Amino acid sequence: QVQLVESGGGLVQAGGSLRVSCAASGRTFSSLAMAWFRQTPGKEREFVAYISGKGGSTYSRDSVKGRFTISRDNAKNTVYLQMNSLKPEDTAVYYCAAGPRVSSSRSDYDFWGRGTQVTVSS
C-alpha cells in the first residue's frame with residue numbers, strides 16, 4: 001500500500017509560477033513510477049507528466065511542455081511539479097499517482113492522492 005499526499009496548490013495570477021509536491025509513504029519510493037494528472041469539473045482526469053523510478057525518464061503532455069517540469073527526490077520520498085508561465089486553462093485539481101511503470105494512462109496507476117487545487121486567475 002502507498003499513501004500519497006499532495007501539497008502546494010493555491011491561487012496564482014496568469015504568468016506566475018507554482019510548485020506542487022507529493023509525499024509518498026508505504027513502499028520503496030524509488031521502485032515507483034510517479035505521475036501528475038489534473039481534473040476540472042465535468043471533465044475526465046487528464047495526464048500531465050510522469051517520471052520513472054530513478055528519474056531518468058520523464059514525459060509531459062504537449063500543452064505543458066516547456067512550462068511544467070516533473071522531478072523527484074527519492075531521499076525525501078517526494079515528487080514535484082514545477083509549473084511556470086501558468087495559464088487560466090491550467091486551473092484544475094492536481095492529483096499525484098503511483099504505479100509500477102511509467103504511463104500516460106490513468107488505469108496504469110494503482111495509488112492516488114486526494115488532490116490539490118490550483119487556480120490561475122486571468
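Note that these values count all heavy atoms, side chains included, but never hydrogens, waters or copies made by symmetry. Worth saying up front: this structure is predicted, and the values here are computed from it rather than measured.
- Nearest approach of Asn77 to Phe29, heavy atoms of both residues: OD1-CB, 3.3 Å.
- A side-chain donor-acceptor contact under 3.5 Å links Gln3 and Ser25.
- Closest approach of Leu4 to Ala98, counting heavy atoms only: CD1-N, 3.8 Å.
- Summarising the geometry, atom CH2 belonging to Trp112 is positioned 9.5 Å from atom CD belonging to Glu6; distances are rounded to the nearest 0.5 Å.
- Of all the heavy atoms in Ser21 and Tyr80, the pair that sits closest is OG-CD2, 3.3 Å.
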Quick one: do Thr91 and Thr40 satisfy side chain to side chain contact (heavy atoms under 4.5 Å, CB included)? Show the steps, please.
-> CA-CA 7 Å; Thr91 295; Thr40 55; 5.6 Å; no
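- Transitive grouping of hydrophobic side chains (ILVMFWY, heavy atoms separated by less than 4.5 Å) keeps Val102 and Phe111 in distinct clusters.
- Atoms CG and OG, from Asp90 and Ser63 in turn, are 7.0 Å apart once rounded to the nearest 0.5 Å.
- By the 4.5 Å heavy-atom criterion applied to side chains, Arg72 and Met34 are counted as neighbours.
- Taking the six-membered ring for Trp and the full ring otherwise, Tyr95 and Phe37 have centroids separated by 6.0 Å or more.
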Checking salt bridge (charged side-chain N to carboxylate O under 4.0 Å, His left out) for the pair Arg106/Glu46: CA distance, chi angles, key distance, verdict?
-> CA-CA 8 Å; Arg106 289 176 296 165; Glu46 66 177 18; over 6 Å; no
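- What you find for Pro100 and Asp110 is that their closest heavy atoms are CD-OD2, 3.4 Å.
- Taking CD1 from Ile51 and OG from Ser57, the interatomic distance works out to 8.5 Å, rounded to the nearest 0.5 Å.
- Nearest approach of Asn74 to Ser30, heavy atoms of both residues: ND2-CB, 3.4 Å.
- Considering only heavy atoms from C-beta on, Asn84 stays 4.5 Å or farther from Phe68 through its side chain.
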Side chain to side chain contact (heavy atoms under 4.5 Å, CB included) evaluation trace for Ser121 with Leu11 | CA-CA 7 Å; Ser121 63; Leu11 174 65; 4.3 Å; yes
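- Side-chain contact between Lys87 and Val120: absent, with no pair of heavy atoms (C-beta onward) separated by less than 4.5 Å.
- Under the 4.5 Å side-chain criterion, counting only non-hydrogen atoms from C-beta, Arg61 is in contact with Arg38.
- Leu32 places a side-chain heavy atom less than 4.5 Å from the side chain of Val2.
- In terms of heavy atoms, Gly10 sits closest to Leu18 at N-CD2, 3.8 Å.
- Proximity of Tyr50 to Trp36: side-chain heavy atoms (C-beta onward) are nowhere separated by under 4.5 Å.
- Heavy-atom neighbours of Lys76 NZ from other residues, nucleotides or ligands within 6.0 Å: at or below the threshold of 12.
- Side-chain heavy atoms closer than 4.5 Å link hydrophobic residues (I, L, V, M, F, W, Y) into clusters, and following such links, possibly through other members, connects Phe47 to Val93.
- Inspection of the Thr119 and Gln117 side chains reveals an N or O donor paired with an N or O acceptor under 3.5 Å.
- Counting heavy atoms from C-beta on, the side chains of Ser52 and Thr58 never come closer than 4.5 Å.
- Atom CD1 of Ile70 sits about 8.5 Å away from atom OG of Ser60, to the nearest 0.5 Å.
- Between the side chains of Asp108 and Ser103, at least one donor N or O sits under 3.5 Å from an acceptor N or O.
- In this structure the side chain of Val79 reaches within 4.5 angstrom of the side chain of Cys96, judged on heavy atoms.
- In this structure a side-chain-to-backbone donor-acceptor pair under 3.5 Å is missing from Ser107 to Ser105.
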